[in-house]
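Naming: A, B, ... by sequence-line order, numbering from 1 per chain.
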Amino acid sequence: MQNSEYNFSKIEPKWQKFWADNATFKANDFDSRPKFYILDMFPYPSGAGLHIGHPEGYTASDAYKRFKISQGYNVLHPMGWDAFGLPTEQYAIKTGKHPKETTKTNVARFKEQLTKIGLNYDWDREINTTDPEYFKWTQWIFIQLFKKGLAYVEEKPVWFCPDLGTVLANEEVIQTNEGPISERGNFSVERRPIRQWVLKITDFADNLLAGLDSLDWPDSTKRLQTNWIGRSEGSRVTFAIDGYSESIDVFTTRPDTLNGATYLVLAPEHPLVSKLQSNEQAEIIKNYINKAKLKSDLERAELNKDKSGVPLGAFAINPINQKRIPIWVADYVLISYGTGAIMAVPAHDDRDFDFAKKFDIEILQVIDDEGSAKKNTDGTLAEAYTKEGPLMNSADLNGQDSKHAKQLVIELLTQMKSGKIEVNYKLRDWLFSRQRYWGEPFPVLWVTSKDYEKINQLFKPNGNPVESVIDGEIRLAVVIPEKQLPLKLPEIKNYKPSPDGQSPLSKAESWLNVYFNVSSGEIYKEPKKGAIQAKRETNTMPQWAGSCWYYLRYIDPNNSERIIDSAKEAYWKTPDLYIGGAEHAVLHLLYARFWHHVLYEIGVVSSPEPFKKLFHQGIILGEDGEKMSKSRGNVVNPEVIIEAYGADTLRLYLMFLGPLEAMKPWNTKGIEGIARFLRKLWRLLIIDNNATLNPKIDLQNTSTLDAESERLLHQSIEKVSKDYESLSFNTAISQLMILLNQMTKLEQIPKNAYEVLLQLTAPLAPHISEELWRHLGYNSSITEAPWPKVNKEKLKSDSVKIIFQVNGKYRGDAILPKTYSKESTIELAKNHPRVQAQIIDKKILKEIYVPNKIVNFVIK
RNA sequence: GCCCAGAUGGCGGAAUUGGCAGACGCGCCGGAUUCAAAAUCCGGUACCUUCGGGUGUGAGGGUUCGACCCCCUCUCUGGGUACCA
């Protein structure tokens, strides 16, 4: 080894141990300093270990944490494990190894890797979603949702593969020309209705929409959630059916076009389809519906852009003009949105237009396009005119504008009791169960309707009972007493789902069948007096469940009595900054907000929104500019980088690659620049391997910096602080480089100045900074030293650079006193040789003068 | 199709109330040090040029004394979403 070598492999483990031993980053409940809660999206501890994407966001939050601590905040920055999930379960199916064991191994490895990067957390607050002491409270929240009537059960079609004997997620199914097949094994798969738990997130649609306004989130993410919730205002219109007592309700956002409705469409699943079909059509309709059944909503959209449908042979009566119009069944109408039926106005809706063209149905224009629509040579519409405008062909309403006509039509319909104003949402209720082993069991028992009546109201929902068919008979759901939580997973031998698509838990007979005391809720293995026979729910919760509320548990991780202590909740509140990938922009962030709104309503938390400020870190691509993946062979392993360059270099370089929020390619070559920066920082203080301090560093602080260096120092404090605050680490680092380069040129550096440089560098490169700080004679962590302050006086300058332009082009400049007059400045500009060369023999049309900035001559 | 984000040297990127385009770093070129290498240090590096200057921030137009920045149209790239009535 050479002289004065910066030996990161020796330094880094030493300081990692120091931080752990001294609990440097412990968050103190009720501390008098202002609190700051920084949250990272916690990882799924996969068997593959960390990839380079993890340290990116985590380094940013770690640096921000150290910065905030130095600024005097009591910082909470915890970490945990989102450890339920499919890969672990599949590993168990393959190897027979219990998911619990796999999780333990993986967590240990992740923890070790994080530590090596210098990511230090308050591990006393570590949580793990698979820990019964944690999921006890996930189950507790479910019980509250159940009791509030926000949970229900429904048969929902999901992908099922008979050959594999398992339910498949959407992404495990591949669409081919021959139909859908399984990703594993290429077996054919089918849609099969399976009993599912569903949460009524739609009850909170308006709250979730309104809550967005108050959040400091990226606009694009807010917009994504807004679109996902998809609120649309319109009206419900009731059509009578000619010759039947039933009627058909439709939802429309364009009641102004009601006179242009020339047919009605029912979704294939609509209950009236079977009643309304005429005999001669029955066979055709049956075939059509069967075909539609095999497709998911998604597929219908993708594979069936070409419209299809069958007329039912029945007719509806338009309430506004008594016109008799045909009723069709077509799969471009979805049962899951609105009423599952629409009024078709082909002149003013693209889909209806396509359909009407194909089946030669009347197209009646009722909105005047005023010459702006595309027309055929015969004057008919060549495509639907979907804009608003004055009405035509609409009797009394002719000439009214769409906006006003909408109101008039709704009023009219309301009077006639044939419709009303209505709001619809794209948002669907949340499918909240999986037929898997490795998830939270539902704290639910199924009982017969006869026994249900005897059961204490405590275990039942407010409102309607939850009902389902279990093993061929109707059963009702009750929850188990909170005292019995956590309800743990039973030990089983085979983690495979049963052949009928039920969860593996359905095979755990002794766990499954129990006796339930109707008043106390106690559960027995054997029949007892006062106890009825009951069957446990065999579904488990989805991975979202545990991640929906984990940020709350960090505040009070070991509380066995309550989900969270109110006083602690009042102190820490919700995260002040949440950093995580944009891939969770909708689902995770919406589900968590939903639960938080519910917890707010029942008084568990003191504010309705969980994440005030949100930041998405970007993705790091491989060196080839493609997404990192094993199959591409472009994966960068952080451990390899740490071995070669050290953790500080990795951290700095990750932040230096580009803006935190951007998607950016990794480039191993570029890391040299950062490595040089750190070596230079080291050598400026330590000149040999005996740790001799550089005599240029004035330890007595008797010297002063020259004015220019002094200004740069304070500019750097200002710039770096501002950049850290906004997580613009890339530009902060470039400023640190400029400052270090300047200091390197000096003959004498006051110790104070070097210390400022170290402190500014410390959040991003903590190990080397701590080590050098120690060499300067300090015994405590550098994060405990107060953050450097800007001296605004030092930033001031009496003179300023004025730019000289001719016709907006730079021709020269001059450093002038700020007090220099307009006239003198212009005079000086005119005399500048390069300016003069331009303006000589030319006429100056205009002289632009912006004080302290520019002079611009406009010439011809 | 719709919604969103983006396009700047060989590369990553910087520059915002509209005022020097290319900070900082990589790479490359030249030099110093060295027996040699590593490491280190110094200088150069958008393009063209007749060395006066000219041209340049995806393309075209516009507003302005002045546009990477604001407006319109288009191309391409990435992400999200998908018959939502």
(message) Any base atoms under 4.0 Å from A/I803, or only sugar-phosphate, or nothing? Heavy atoms, all strands.
(response) base

(message) Measure NZ/A/K358 against P/B/C83 and give the value in whole Å, please.
(response) 17 Å

(request) Can you tell me, in whole Å, how much space there is between the C1' of B/G12 and that of B/A67? (result) 25 Å

(request) Please indicate whether A/K358 has more than 12 foreign heavy atoms, meaning atoms of other residues, nucleotides or ligands, lying under 6.0 Å from its NZ. (result) yes

(message) Quick check: do A/L381 and A/Q365 have side-chain heavy atoms less than 4.5 Å from each other?
(response) yes

Distance-only criterion, 3.5 Å: show the donor-acceptor pairs between side-chain atoms of residues 843-853 of chain A and protein atoms not counting sequence neighbours.
{"residue": "A/E847", "atom": "OE2", "partner": "A/K830", "partner atom": "NZ", "Å": "2.9"}

(request) Write down the distance separating the C1' atoms in B/U75 and B/G27, rounded off to the nearest Å. (result) 31 Å

(request) Take atom CD1 of A/I619 and atom P of B/G79, then tell me their distance rounded to the nearest Å. (result) 8 Å

(message) Angle between ring planes, A/Y724 versus A/F729, binned at 30° and 60°: parallel, tilted or perpendicular?
(response) tilted

(request) Take atom P in B/G58 and the same atom in B/G22, then report the distance between them in whole Å. (result) 16 Å

(message) Could you write out RNA chain B as dot-bracket? Rules: Watson-Crick or G-U wobble, both distances under 3.5 Å, brackets [ ] for crossings, | for pairs with another strand, dot for unpaired.
(response) (((((((..(((......[....)))((((((.......))))))(((....)))..(((((..]....))))))))))))....

(message) Taking B/G25 as the reference, what is the distance to B/A14 when you measure between their C1' atoms (whole Å, please)?
(response) 11 Å

(message) For A/Y385 and A/H348, take the angle between the two ring planes, folded into 0 to 90°, and tell me which bin it lands in: parallel under 30, tilted 30 to 60, perpendicular over 60.
(response) perpendicular

(request) Name the residue closer to the 5' end of RNA chain B, choosing between A/Y425 and A/K801 according to the nucleotide with the nearest heavy atom. (result) A/K801

(request) For the side chain of A/K307, starting at C-beta, report the closest nucleotide among B/C83, B/C20, B/A39. (result) B/C83

(message) Output the rounded distance in Å from CD (A/E672) to C1' (B/C24).
(response) 16 Å

(request) Salt-bridge test for A/E672 and A/R679: reply yes if a basic N is under 4.0 Å from a carboxylate O, no otherwise. (result) yes

(request) Let me know the distance between CG of A/L654 and C1' of B/G25, rounded to the nearest Å. (result) 15 Å

(message) Tell me if the side-chain of A/Q805 makes a donor-acceptor pair with the base of B/G19, cut-off 3.5 Å, by modelled atom types.
(response) yes

(message) Can you tell me which nucleotide in B/C26, B/C65, B/U81 comes closest to the side chain of A/N856?
(response) B/C65

(request) Rounded off to whole Å, could you give me the CG-to-P distance for the A/D354 and B/C83 pair? (result) 14 Å

(message) Show me the pairs that pass salt bridge (charged side-chain N to carboxylate O under 4.0 Å, His left out) and involve residues 418-427 of chain A, at least two apart or across chains.
(response) A/R236-A/E422

(request) Using the C1' atom on both, measure B/G19 against B/G9 and round to a whole Å. (result) 23 Å

(request) Remember a base hit wins even if backbone is also touched, and classify A/N741 as base, sugar-phosphate or nothing at under 4.0 Å, heavy atoms. (result) sugar-phosphate

(request) Would you classify B/G13 as syn or anti? Syn applies when the glycosidic angle is within 90° of 0. (result) anti

(request) With sequence neighbours left out, write down each residue that passes ring pair (Phe, Tyr, Trp, His ring centres under 6.0 Å) with A/F359, or none if nothing qualifies. (result) A/W328, A/F355

(message) Quick check: closest heavy atoms across A/Y288 and A/V329, and the distance to 0.1 Å?
(response) CE2-O, 4.0 Å

(request) Could you tell me whether the side chains of A/S9 and A/N7 share a donor-acceptor contact shorter than 3.5 Å? (result) yes

(message) Is A/R254 close enough to B/A85 that one of its side-chain N or O atoms is under 4.0 Å from OP1 or OP2 there?
(response) no

(request) Kindly label the base of B/G9 as syn or anti, based on whether its glycosidic torsion lies within 90° of 0. (result) syn

(request) Would you kindly give the CD1-to-P distance between A/I733 and B/C26, to the nearest whole Å? (result) 13 Å

(message) In whole Å, I'd like the distance from the CG atom of A/L681 to the C1' atom of B/U40.
(response) 16 Å

(request) Output the distance between atom OG (A/S716) and atom CD (A/Q742), rounded to the nearest 0.5 Å. (result) 9.5 Å

(request) Using a 4.0 Å heavy-atom cut-off, write out nucleotides 2-16 of chain B from 5' to 3' as B (base contacted by protein), S (sugar-phosphate only) or - (no contact). (result) -SS-------BSS--

(request) Could you tell me the separation between the CG atom of A/D723 and the P atom of B/A23, rounded to a whole number of Å? (result) 17 Å

(message) Can you tell me which nucleotide in B/G53, B/A85, B/C83 comes closest to the side chain of A/Q838?
(response) B/G53

(request) For A/R811, report the nucleic acid contact type (base, sugar-phosphate, nothing); a contact means any heavy atom under 4.0 Å. (result) sugar-phosphate

(message) Let me spell it out: for each of A/N424 and A/V858, pick the nucleotide of RNA chain B with the closest heavy atom. Which residue's pick is nearer the 5' end?
(response) A/V858

(request) Would you please test A/I697 and A/L685 for side chain to side chain contact (heavy atoms under 4.5 Å, CB included) and show each step? (result) CA-CA 7 Å; A/I697 304 286; A/L685 185 67; 4.0 Å; yes

(message) Say we look at B/A32 and B/A37: how far apart would their C1' atoms be, to the nearest angstrom?
(response) 16 Å

(message) Using the P atom as the point on both nucleotides, what is the distance between B/C74 and B/G1, in whole Å?
(response) 12 Å

Do any N or O atoms of the protein come closer than 3.5 Å to N or O atoms of nucleotides 41-45 of chain B, and which pairs are they?
{"residue": "B/C41", "atom": "OP1", "partner": "A/R683", "partner atom": "NH2", "Å": "3.4"}

(message) What's the gap between B/C76 and B/G10 when it is taken at their P atoms, as a whole Å value?
(response) 23 Å

(request) Using a heavy-atom cut-off of under 4.0 Å over every strand shown, decide if A/K627 touches base, sugar-phosphate, or nothing. (result) sugar-phosphate

(request) List the atom of A/Y653, the atom of A/W666, and the distance in Å for their closest heavy-atom pair. (result) CD2-CH2, 3.6 Å

(request) Choose from B/G79, B/U81, B/C65 the nucleotide whose nearest atom is closest to any side-chain atom of A/K846. (result) B/C65

(request) From the options B/A85, B/G19, B/U55, select the nucleotide whose nearest atom is closest to the side chain of A/T253. (result) B/A85

(message) Are A/F857 and A/I826 packed together at the side-chain level, in the sense that at least one heavy-atom pair is separated by less than 4.5 angstrom?
(response) yes

